[in-house]
Chemist: 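Shown below is the structure under consideration.
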There are 2 protein chains.
Amino acid sequence: MLGVSTATVSRAFSEKGRISEKTRQYIIAKAEELGYCANIHARNLSSSNSNIIGFFYPSISTEQPDYFIIEIQLGINQVLLSTGNLLQTNPMPPESQGNGPLASYRDYILSGGLAGVIIVAGSSESVKLVEIARAAEVPYIVIGHMGIETQYTVTFDNAIGAALAGKYFVRTGRHHPAYIGGHLDKRKQKGFREGLGETAASLIFHTGGHTFGGGATAFRELREKYPEIDCVLCANDVLAAGFIKEAIAGDVRIPEDIAVIGFDDVRFARYNTPAISSVSLNLHLLGSTAAQMLFKYINGEPVTPELIRCELIIRESC
Amino acid sequence: MLGVSTATVSRAFSEKGRISEKTRQYIIAKAEELGYCANIHARNLSSSNSNIIGFFYPSISTEQPDYFIIEIQLGINQVLLSTGNLLQTNPMPPESQGNGPLASYRDYILSGGLAGVIIVAGSSESVKLVEIARAAEVPYIVIGHMGIETQYTVTFDNAIGAALAGKYFVRTGRHHPAYIGGHLDKRKQKGFREGLGETAASLIFHTGGHTFGGGATAFRELREKYPEIDCVLCANDVLAAGFIKEAIAGDVRIPEDIAVIGFDDVRFARYNTPAISSVSLNLHLLGSTAAQMLFKYINGEPVTPELIRCELIIRESC
DNA sequence: ATATAATGCGTAATCGTTTACGCAAAACCT
DNA sequence: AGGTTTTGCGTAAACGATTACGCATTATAT
């Protein structure tokens with residue numbers, strides 16, 4: 001205590017309340033000198049808010065980085081750095097791996113620890129988390145398509161992106177297309193078919209994991225069964241990389257023999273040799289848009305759903 | 001209030017204090033029913049701790065993901081998932097970009113918001129942050145080499161890793177080595193030289209950015225000035241990817257004409273074509289080790305510095 | 001000069017837990 | 001049965017801020 005009440009000290013830091021500029025300066029100076037810093041827990045308790053934003057995403061593996069998620073996170077962080085908020089990153093491993101951390105995430109949200117949350121669609125846990133956020137009345141933004149009716153969402157139009165890829169293949173004289181991915185990405189499949197038009201008649205589907213190894217396996221299986229295939233759309237870039245690598249190892253020329261397009265346009269797609277053509281979702285923009293929407297929500301401003309445009313980036317694999 | 005005092009409710013959840021099994025069950029059940037969840041801020045204030053771990057790292061860019069950092073984060077998260085702690089990720093952009101978020105990070109640490117911090121060496125801000133953590137008496141672990149005397153550190157021996165690369169080049173009959181990197185990584189340079197032995201006499205240094213573009217530029221410049229170069233050690237994998245891509249574009253065969261080794265062994269090194277040989281730092285292990293050390297520190301157990309072994313992974317680029 | 005409004009700051013209640021303390025009841029001795 | 005220990009739980013004091021309220025003091029208006 002340096003001659004003033006705690007209320008005054010609080011006012012000196014809070015930018016609210018009435019206080020003379022002189023005492024504010026004095027208190028700030030003294031605080032600096034004494035190394036005083038307002039206790040964050042007391043602050044949060046008293047004012048019942050927080051400056052932490054939670055980012056929740058399905059995590060495929062605890063071993064391999066998920067380039068898709070990382071680039072979204074980068075976009076979120078860019079916004080947060082300018083607002084002084086902090087980011088908490090919460091992977092949600094597949095349910096098979098024990099009960100998982102969902103219970104602990106749930107408690108954290110319910111107990112008011114977060115100012116808002118951003119949730120990436122893709123697993124059943126994502127859906128549960130949205131319900132928790134709603135129940136706790138914590139502002140939330142959903143990234144991607146979830147079977148939930150909500151305005152707080154930013155999506156990308158996979159179908160249009162896939163259609164662009166289909167049209168490109170037709171335009172560049174390809175006749176034997178294949179699609180490699182999971183059975184869940186119906187939108188991509190449907191869009192691709194639309195883009196291909198009549199050529200869709202000869203379309204081959206191949207389902208497998210969304211991994212590098214999955215791409216390699218897909219190449220081998222397709223090559224054996226359907227040697228006529230001359231163009232491939234992959235559900236993501238890592239998958240495309242695996243396909244391309246195995247193709248080159250099998251003396252198939254990319255793009256001369258088979259043209260390949262990936263999905264997401266993650267950073268390393270352009271590092272690859274040949275550089276991978278990709279349907280760009282603009283992940284960075286996706287993340288930063290989600291963050292901006294969340295702040296609007298938190299501040300009580302109206303929020304409308306956003307859609308990020310897909311763009312087809314042609315590189316050496318085509 | 002359902003007939004018991006708040007103290008009893010607290011005891012029902014805290015696993016400490018004395019409470020009969022019957023009332024605990026009763027309270028838990030009722031809590032579930034009423035959707036009660038202990039307020040995290042009050043908890044933290046009262047018990048003056050937190051379950052959040054802060055992860056601070058120098059961030060090169062808000063646009064490009066830093067694969068090095070990401071894989072460390074993955075390792076940290078794996079440990080955290082099993083302990084019920086939460087991770088807060090805090091990029092530290094280069095100082096040039098405005099004042100930066102350091103002040104806000106400082107306040108957060110000083111105000112007791114974090115149970116512990118993990119700091120990646122590499123910028124002047126990293127050093128400041130360590131000093132802040134010390135001043136605030138918050139448990140911390142440093143990843144990498146910082147000019148600070150501390151036992152709370154986990155490092156990797158760059159020099160030994162680089163020496164392995166040097167020896168490999170000599171053993172496989174290369175005679176005109178080059179090193180591409182920054183002027184800061186003296187350890188790598190020194191180790192490489194040692195590994196090369198006599199061959200070090202003809203070593204060419206090239207300094208530039210640690211980026212993909214930097215690798216491409218390096219290839220062009222070196223090729224023009226020193227066409228005799230037949231093996232290259234790059235300061236990281238992304239740099240190596242850029243070098244390789246530009247080399248292939250210039251009709252130089254990898255590895256026949258030039259053998260290339262990268263550093264870090266990030267995930268995509270093996271996706272590349274040709275797959276990039278790399279000095280593996282085992283980033284995942286680096287992260288999980290740091291997290292485990294931090295928990296020891298937090299629990300008051302003795303902590304000794306750890307060193308992660310480097311390993312040379314040979315792939316197609318050699 | 002007086003009335004009125006604006007400003008600055010201290011008092012004390014509040015936020016929702018945890019936990020030392022104390023007392024009754026139950027459990028354990030001999 | 002009487003004494004001692006153990007157990008279960010309520011009381012109330014922290015934890016360290018924020019903020020409504022009220023009282024001086026100063027500024028503004030008439």
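Only this structure's heavy atoms are used, side chains among them; waters, hydrogens and symmetry mates stay out.
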Chemist: What is the separation between atom CD1 on A:I40 and atom P on C:dC15, rounded to the nearest whole Å?
Modeler: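 Distance check: A:I40 CD1 to C:dC15 P gives 20 Å.
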
Chemist: Nearest whole angstrom, please: distance from the P of C:dT7 to the CD of A:E21.
Modeler: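 That distance rounds to 14 Å.
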
Chemist: Students often get this wrong, so: under 4.0 angstrom with heavy atoms, is A:A7 touching a base, only sugar-phosphate, or nothing?
Modeler: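 Contact class for A:A7: base.
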
Chemist: Classify the side chain of B:S10 and the base of C:dT18 as holding, or not holding, a donor-acceptor pair under 3.5 Å.
Modeler: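 No.
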
Chemist: For B:H210, is there any backbone N or O sitting under 3.5 Å from a side-chain donor or acceptor partner on B:N236?
Modeler: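 A pair under 3.5 Å: yes.
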
Chemist: Does B:S47 make a side-chain N or O approach to OP1 or OP2 of D:dC15 shorter than 4.0 Å?
Modeler: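 For D:dC15, OP1/OP2 do not have a side-chain N/O of B:S47 under 4.0 Å.
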
Chemist: Would you kindly give the NZ-to-C1' distance between A:K22 and D:dT26, to the nearest whole Å?
Modeler: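 To the nearest whole Å, that distance equals 13 Å.
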
Chemist: If you check every side-chain atom of A:S5, which of D:dA17, C:dT11, D:dG10 has the closest atom?
Modeler: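 Given the options D:dA17, C:dT11, D:dG10, the side chain of A:S5 is closest to C:dT11.
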
Chemist: Phosphate oxygens OP1/OP2 of D:dT19: is one of them under 4.0 Å from a side-chain N or O of A:R11?
Modeler: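 Answer is no, no contact under 4.0 Å.
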
Chemist: Quick one: label A:T23 by what it contacts on the DNA or RNA (base, sugar-phosphate, nothing), any heavy atom closer than 4.0 Å.
Modeler: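 The residue A:T23 makes sugar-phosphate contact but no base contact.
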
Chemist: Could you check whether the rings of B:Y67 and A:Y67 sit parallel, tilted or perpendicular, using 30° and 60° as the cut-offs?
Modeler: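 If you compare the ring of B:Y67 with that of A:Y67, the planes turn out tilted.
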
Chemist: Nearest-Å distance, CZ (A:R43) to P (C:dC15)?
Modeler: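 Taking CZ of A:R43 and P of C:dC15, I get 19 Å after rounding.
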
Chemist: So if I take every side-chain heavy atom of B:N39 and compare against C:dC9, C:dT17, D:dA17, which nucleotide ends up nearest?
Modeler: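 My answer, after comparing the listed nucleotides, is C:dT17.
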
Chemist: Under a 4.0 Å threshold between the charged nitrogen and the carboxylate oxygen, would B:E131 count as salt-bridged to B:K128?
Modeler: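 No, this pair does not count.
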
Chemist: Provide, to the nearest angstrom, the distance between the CG atom belonging to A:N49 and the C1' atom belonging to D:dT19.
Modeler: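 Value for this atom pair: 14 Å.
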
Chemist: Measure from the side-chain heavy atoms of B:V4 and tell me the nearest of C:dT19, D:dG10, C:dT17.
Modeler: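 Nucleotide nearest to B:V4's side chain: D:dG10.
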
Chemist: Provide, to the nearest angstrom, the distance between the CG atom belonging to A:D107 and the C1' atom belonging to C:dG16.
Modeler: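 From A:D107 CG to C:dG16 C1': 16 Å.
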
Chemist: Side-chain N or O of B:T8 versus OP1/OP2 of D:dG10: is the shortest distance under 4.0 Å?
Modeler: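 Yes, because at least one side-chain N or O of B:T8 sits under 4.0 Å from OP1 or OP2 of D:dG10.
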
Chemist: Looking only at N and O atoms, is any donor in the side chain of A:R24 or the base of C:dG8 less than 3.5 Å from an acceptor on the other one?
Modeler: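 Not at all, since no donor on one side and acceptor on the other fall under 3.5 Å apart.
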
Chemist: Please answer whether the main-chain N or O of A:V79 pairs with a side-chain N or O of A:Q292 as donor and acceptor at a distance below 3.5 Å.
Modeler: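 No, the answer is negative, given that no donor and acceptor are paired below the 3.5 Å cut-off.
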
Chemist: Measure the distance from CD1 on A:I19 to P on C:dG8 and round it to the nearest whole Å.
Modeler: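 Between P of C:dG8 and CD1 of A:I19: 9 Å.
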
Chemist: With no hydrogens and no angle check, is any side-chain donor or acceptor of A:Y297 less than 3.5 Å from a backbone partner on A:V138?
Modeler: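 No; zero donor-acceptor contacts below 3.5 Å.
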
Chemist: Check the angle between the aromatic planes of B:Y36 and B:F13 and answer parallel, tilted or perpendicular using the 30° and 60° thresholds.
Modeler: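 It falls in the tilted class, 30° to 60°.
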
Chemist: Quickly work out the B:H41 NE2 to D:dT18 C1' distance and round it to whole Å.
Modeler: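 Computing the B:H41:NE2 to D:dT18:C1' distance gives 14 Å.
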
Chemist: Quick check for you: among C:dG10, D:dA17, C:dG16, whose closest atom lies nearest to any side-chain atom of B:S46?
Modeler: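 Comparing C:dG10, D:dA17, C:dG16 against the side chain of B:S46, the answer is C:dG16.
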
Chemist: What is the nucleic acid contact for B:R18, judged by heavy atoms within less than 4.0 Å: base, sugar-phosphate only, or nothing?
Modeler: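 Base: the residue B:R18, judged by heavy atoms under 4.0 Å, touches a nucleobase.
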
Chemist: If you compare every side-chain N and O of A:Y36 against the phosphate oxygens of D:dA17 (OP1, OP2), does one of them come in below 4.0 Å?
Modeler: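 Yes, such a contact exists.
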
Chemist: By the 4.0 Å heavy-atom rule, please label A:L45 as base, sugar-phosphate, or nothing.
Modeler: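 The residue A:L45 makes base contact.
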
